[in-house]
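So the structure is just underneath, and the comments pick up after that.
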Amino acid sequence: MITVAISRGRLLKEASLLLKKAGFSVGEILDDSRKLIFEYPEDGIKTLIVRPTDVPAYVEYGAADCGIVGKDTLIEEKNNLYEPLDLKIGKCKLVVAAPKGFDFSSARILRVATKYPKIANEYFAKKGVGAEIVKLYGSVELAPIVGLSDVIVDLTATGETLRKNKLFVIETIADITARLVVNRVSMKVKSNEIKEFIRKLKEVREV
Amino acid sequence: MFERLSLPQGVRDFPPERAEEIKRVEELLLEEFSRWGYRSVITPLFEFLETISAGLGEDLRDKVLKFVDPSTGDVVALRPDITPQVGRIVATQLRDSTEPIRLCYNGRVIRYEEKGSGKEREVFQVGCELVGPSSPEADSEIIALSVKSLGKVGIKKTVLDIGHNGLLRFLLGKTGDARKEVEESLKKKDQEGLVRATQKASVPKEIKETILSLPDLYGGREILDKARKISVIKKYVEELEDVLSVLDEFQLGSEVNIDLGELRGFNYYTGVTFEVISPLISSPLLRGGRYDDLIGKYGYDSAATGFAVDVESVLCVTRTHLENNQIHFVVIPRKLSLRREAIRLAEWLRSSGFKVVLDLNADSNLRKFRIKENHVSNSYGVIFLETPKKIKLIESRSGVSKEFSNLEELLKGGI
C-alpha cells in the first residue's frame, strides 16, 4: 500500500484524472470535498488531500510515500525529496506582473507582493534589483491595485485573473508543472511498489 | 520575560527521561564499539573555520554556525561534523601509530538548517572511524559494526542502503559547467532534469547515458547485474560487489538496497557509502562511507571509512530500558539531630549499590509526598529515622511499615 498526498485546489482534478488513466479507480475524490482520506485497497493506494504547500511536508516526514504538487511549491520550500517525474499537469507560469505603464526604473525600492517570498527574493537579487517582499496568502492581484506593492510574483495559467485586474506579465520566472515527489525512505523500502507506480504514471502522462 | 525563556531555533532542553535515554543509547553503542576494539577520542566543540573547511570543502562553509572569537578576531565555527576532526587527530597525534587505527566518539554537532524548517540543528552523534588500508574488508567491518551496534539498542529490522560515491564523483567530474545542475537533479532522481542539465555542457555520450540511467539504478542486488554491463562504471560496481560479498560473511540479516544514484551527505566521501534506514522514520539511523582523501588534507595521507549514528533517530524507533534510573530508597530523618545517622545510612545503602535520595530537611508535605510516591513506584521503600533507636521502613510494594531499633537490624531484617 502506498500513500499519495495530493494538492487540493487547481491540481486535484487533473491529478485524479491522471491517476484514473493510470488504472487507479479514484473517481470519488472529486465528488466528496470534505473527506480528506480515500483508501483503495484493491489498487494498493491511499490518497490524502492536503493544502498545496503542505504536500512536501507530508511526504518528507513520511506521512505519505508520494505526493503530487506544483513545482512552484517545491522551488519555494526546497525540501529533501525525490522528484522522479514531471507529470505535465497543472501547466502554468510563475511570472512578475505589474499594472500598465510600470517600468523597473520608476520604483526606487521595488515592492513585491507574493505567495513565494523566497523565489521572489532570489529572482530580484539575481537581477540586481533591490526588492522588498510582502508575503501574502491570497488575492495577490489586489496588491498593486490598492498600492500595497509595485508588482506581484504569482502563478498564471490562462492570464484571465491578471487581465481582469489590469495586470500585465512583464517577466516569466519559470514554467511550472506538477511533479511526483517521493519520500527518501519509501523509495528504498518500497522500491518495487514505487517503481511500478512511477512507471504507470509515466505511461499515461501527456507528452 | 517570555522571550528570555525561549531557545534559538533547532535547539532544545532535555528533561531527565529523555536525557537518560540519550545517554543510555550512547553508552550501549560505545560499549559495542569498544568490543570491536575502537578507542574513544574527544574533539573540540568549535575550531577555526579554515580548519573545518579544509576537511569539509567549500560547500559546507555556508552550512556551519560561525562567529568571531572576541579575544583574537579569528572566525571560528561550531563543528558540523566530527569525522574531519578525528581525521586531524590521526594526521597529527596518531600519525606514527600502526594502521589500522580504530577510533570512536560521541558528541553533538551543530548543523545549519533553513530557518523555519523545524529541524533539529543540534544532533547527537555516536560514530566510528577505521583508518588504514582501503579494502573491502575494512568497508565491511564498518558496515557490519554499524548494523550490529543498532542491534544492541534493540533495532533489528533495518534496511542497509548502499552506494558508491567514487562512481558518482567520477561521473560528475566529467560534466564540466553543468556539474551543479546535474548534482541537483541527481539528488532528486529527476531524470528529465538530468536530460536538460547534461544537454548544456559537452558531456561525452557514454558518460551522459550513464548519468541518465542513475535514477533507475536502485533496488535489490539485481541492480548490480545491470550496472556491471556499463563499462565506464564497471570498476566501481565491482568494488561494491566485493564489499557486499565480504559483508555476507558477517551474516547481518539486514535487507540490502543498492542505490547507485544516491548522492549523499558530505562531499568528502570517495568510495562505498551507506545509510541504515528504518521503515518507521524518514531520516536515516546512521550514515557513513569511505573517505580516502580527507585525512590527507590535514597533511598525512591515509585512507579511512566510518559512520555516525544519529542518536535521536535511533530513539524514534526504539526505547531503552529505564529501570536503571529508578530510585531505590528515600531516607528522611525526623529531626535535625539525626542528620549524622541519616547520612551514614544513605552512604551505606549507596555503597551497596542502591540509588538513594537523602531528604535532610523534609517538611511534612514532602514526607507525605514521598510516602504517596512510594506507593506507586517500583522502589524498595522510604526510611524514616524516628529516633536514634527507632528506624521505620515503609515498603513500597506492600505499603507495610516495619520498625527496627538500629541500622544493623534494618540491614539484616528489612532489606
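Predicted model, so just to flag it, every value in this text is computed and none were measured. The chains referred to below are lettered A, B, ... by the order of the sequence lines, with proteins before strands, and numbering in each begins at 1.
In this structure, no portion of B:Ser185 lies under 4.5 Å from any heavy atom of chain A. Of the two parts of B:Asn257, only the side chain, counted from C-beta on, holds a non-hydrogen atom closer than 4.5 Å to a non-hydrogen atom of chain A. Of the atoms belonging to A:Asp86, heavy atoms from both backbone and side chain fall under 4.5 Å from chain B. Proximity to chain B (any heavy atom under 4.5 Å) is shown, for A:Lys195, by both the backbone and the side chain. Of the two parts of B:Leu194, neither the backbone nor the side chain holds a non-hydrogen atom closer than 4.5 Å to a non-hydrogen atom of chain A.
Between chain B and the options A:Asn79, A:Val189, A:Val181, heavy-atom pairs under 4.5 Å are most frequent for A:Val189. Contact count versus chain B (heavy atoms, under 4.5 Å) is highest, among A:Arg179, A:Glu83, A:Met187, A:Lys190, for A:Glu83.
Here the closest heavy-atom approach between residue B:Ile281 and residue A:Val185 is recorded as O-CG2, 3.5 Å. Closest heavy-atom contact between B:Tyr218 and A:Ser191: CE1-CB, 3.6 Å.
A salt bridge does not link A:Lys71 to B:Glu192: none of the charged nitrogens lies less than 4.0 Å from a carboxylate oxygen. Salt-bridge check for B:Glu275 with A:Arg184: passed, with a basic side-chain N closer than 4.0 Å to an acidic carboxylate O.
Distance check, rounded to the nearest 0.5 Å: NZ of A:Lys188 to CG of B:Asp259 gives 4.0 Å.
A cation-pi arrangement, defined by a distance under 6.0 Å to the six-membered ring centre and an angle within 45 degrees of its axis, is present between B:Lys189 and A:Tyr82.
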